[in-house]
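Input: a single structure, listed below in structure tokens.
Computed from a prediction, not measured in an experiment: that's the story for all the values here. Throughout, protein chains are lettered first and strands after them, A, B, ... in sequence-line order, and every chain is numbered starting at 1.
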There are 2 protein chains.
Amino acid sequence: MSNKTIGIKDVALAAGVSVTTVSHVLNDVAYARISPETRDKVRTVAEQLGYGPNRLAQALRTQRTGMLGLVSEEIATTPHAGRIILGADEAAKARGYNLMIINTPGSASLESRQADVQALLERRVDGILYATMYHRNVELPANLGSVPSVLVDSVATGGNITAVIPDEEGGARAAVGALLEAGHTRVGFINNTDDVPATHQRLDAFRSVLTEAGLDGDAAPVESEVSEVHGGYEAARRILTGKNPPTGLFCYNDRMAMGAYRAAAELGLRIPEDLSVVGFDDQELIAANLYPGLTTVALPHYEMGAWATEHLIDAIEGKTDLALMALHPTILSCPLVIRDSIAAPRQ
Amino acid sequence: MSNKTIGIKDVALAAGVSVTTVSHVLNDVAYARISPETRDKVRTVAEQLGYGPNRLAQALRTQRTGMLGLVSEEIATTPHAGRIILGADEAAKARGYNLMIINTPGSASLESRQADVQALLERRVDGILYATMYHRNVELPANLGSVPSVLVDSVATGGNITAVIPDEEGGARAAVGALLEAGHTRVGFINNTDDVPATHQRLDAFRSVLTEAGLDGDAAPVESEVSEVHGGYEAARRILTGKNPPTGLFCYNDRMAMGAYRAAAELGLRIPEDLSVVGFDDQELIAANLYPGLTTVALPHYEMGAWATEHLIDAIEGKTDLALMALHPTILSCPLVIRDSIAAPRQ
DNA sequence: GGACGTGGGAGACAGATGAGCAACAAGACC
DNA sequence: GGTCTTGTTGCTCATCTGTCTCCCACGTCC
């Protein structure tokens, strides 16, 4: 129904000035000397006509699209991607940028990822955010380097690209620390079997914290299973039916904690009276809805998305040198979210 | 490190032909007469140089960006948005389009939504997908009409814009039907308190199915609470402690079903031996991870996203007239996902 | 005759598009 | 056999998309 879109020349015509002048006014060009009356006139007319610049033409001319590419794994299957996107989107919007999102399976080949980046490049995005669904080492498509880029929730195997990752160790320390502070001296860890940084770092932190507290970290019970509800269930059963079972359980993630809840229920152990549990991830759907609410460690997905976007834009605008930050990944803290699954051990 | 990006003229130069010829070859222009040798030459050179067209310039000239705008509510807080995005993204990619996603709070004002659409329009997206996080009636920003648009998971209060929505009634019928088929004759419904289509349609379907089966649908117990875990818990307690309690429970969504699980456990009722439960939504994290696995009705978010995208692109390419489809919303079915929470009632 | 105040013109960005121009061959005609 | 016509093949030129930006022009007033 609506007729053709109106361009800058329509505004110029209607305002009785040249296209140049309209451009000068609307972009507040510093050196342009134009009388206040003309400025008003142009602005008024532009408003009346509902003029909005054609960003394509603008971008073509200025070599700036105001678009950020975000390649994200598994948008739908984990809520984590959503939080990263949200953080990135809000940070981008705040600075006048928009996001172009490309979804990719976690299993995508390097070529396929390269094609994704290529698509972004052809659209001339000003920068690229490359996000993975969990903290790990990734091999990057070669063409990623051609525009400013930041890695979210992963580090490059080759290094030398700016990255933000969660403080796995700090988070694990907070979790185990909370158990110790509540008075527990027998604490177990239900770990994941995947060979990812989190698995090792959380385990190390677990043992260290115990040892530092004067307990025997190396002797503390650890059971590993796939990081799903049923894995948590199995591991918890093993750990809780062992001799001298722990009164506090640190779980690799909330899903495994959910399994631990069931194992505890089956064994007649009440949470938190008989058994205290801490999770990791802070998946709302689980942690807040379990009964009792699960105390857990939050992964800073939103924050990582926002941080990456902020710094990417800084780099694009020449306010930051990404090369400098690329030396070491930036580590964002994982705060403990306290709910109701920790209590003092029974005497 | 990488030097300037290479353009069509670089290819032309290297191949020893004009820019026009390169364009003709690479775009397979029908009427262009170019010798096979030249074609090969051009293609080879383009490949070697790693040439990719500048989509901005291309779009400026052709008035086609190959981009679809997707404004979605609450990307991060519900997994539903993720499924819609995934469906849309895969459908778009399959036809050579990319998505520009704008996230908006469910509470955003009409002006703010209009600004979102405006941003998309300035970027000259070829069409717009407008998605909500749950099935409801929405008031649309006025500027939405200026490009082909499709509504996902909602219908416009004013009508007359193409929309896809889930078959609430069919889903509810399947859920209740499953309970009846298992032999239950006393069935209750735990409903939501929000005034949304789903609330009413599922209730109607619930009563109808019972009545059609020769039971007294109007007398069947229904309890309403907020559609969260604790609401489900409260409602289930009420319904299960009433006189002559049901042996089968249909829950408004999986979260409420999760609450019902706890209520059942507290009352010493085993699922599915003593109580059968059906949910709605098929939220993986909950439904598949509850014990026993929750039989539930899946909302076709992926399918709606894909359907909307398909038809939007058809309209953009002139293969479909959206105005025709706008007469009635398209309804996509909600299949029952069978797990382990339904069994025959005890004798 | 500079300085100042106001504003406009002509590319350029990167590629798409259709008309049009050489070059050559085959056939027609004298 | 040579010239002209007509057709075909192969490719290029000019122009267009909407906006920005460098540089220049025109008056006026000291």
Problem set entry | Euclidean distance, B:L68 CG relative to B:K93 NZ, rounded to 0.5 Å | 13.5 Å

Quick one: which of [options] gets closest to the side chain of [X]?
X	options	answer
B:H24	D:dT12, C:dG15, C:dA14	D:dT12
B:R33	C:dA16, C:dA14, C:dC21	C:dC21
B:S35	C:dA16, C:dG7, D:dC11	D:dC11
B:N54	C:dT17, C:dA14, D:dT12	C:dA14
A:I34	C:dG15, C:dG7, D:dC22	C:dG7

For [N], take OP1 and OP2 only and decide whether either is under 4.0 Å from a side-chain N or O of [X].
X	N	answer
B:T21	D:dC11	no
B:T38	D:dC11	yes
B:Q58	D:dT17	no
B:T20	D:dT12	no
B:Y31	C:dG18	yes

Seminar exercise, completed: Heavy-atom nearest nucleotide on DNA chain D taken for B:E37 and for A:P53; more 5' hit belongs to B:E37

Exercise. Starting at the 5' end of DNA chain D, which residue's closest nucleotide do you reach first, B:V17 or A:T62?
Worked result: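 Result: B:V17.
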
Rounded distance in Å - [atom1] ([X]) to [atom2] ([N]):
X	N	atom1	atom2	value
B:Q63	C:dG15	CD	P	17 Å
B:L56	C:dA16	CG	C1'	15 Å
B:L60	C:dT17	CG	C1'	14 Å

Exercise. Are the side chains of A:V42 and A:V17 in touch, meaning some heavy atoms are under 4.5 Å apart?
Worked result: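 Yes, at least one pair of side-chain atoms sits under 4.5 Å.
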
Exercise. So, do A:M100 and B:M100 sit near enough that their side-chain heavy atoms are less than 4.5 Å apart?
Worked result: yes

Problem set entry | Test item: B:R124 side-chain N/O and B:M67 main-chain N/O as donor-acceptor pair under 3.5 Å | no

Exercise. Would B:Q114 and B:Q118 count as a side chain to side chain donor-acceptor pair (under 3.5 Å) if you check the C-alpha gap in whole Å, the side-chain angles of each, and the deciding distance to 0.1 Å?
Worked result: CA-CA 6 Å; B:Q114 189 145 346; B:Q118 173 69 17; over 6 Å; no

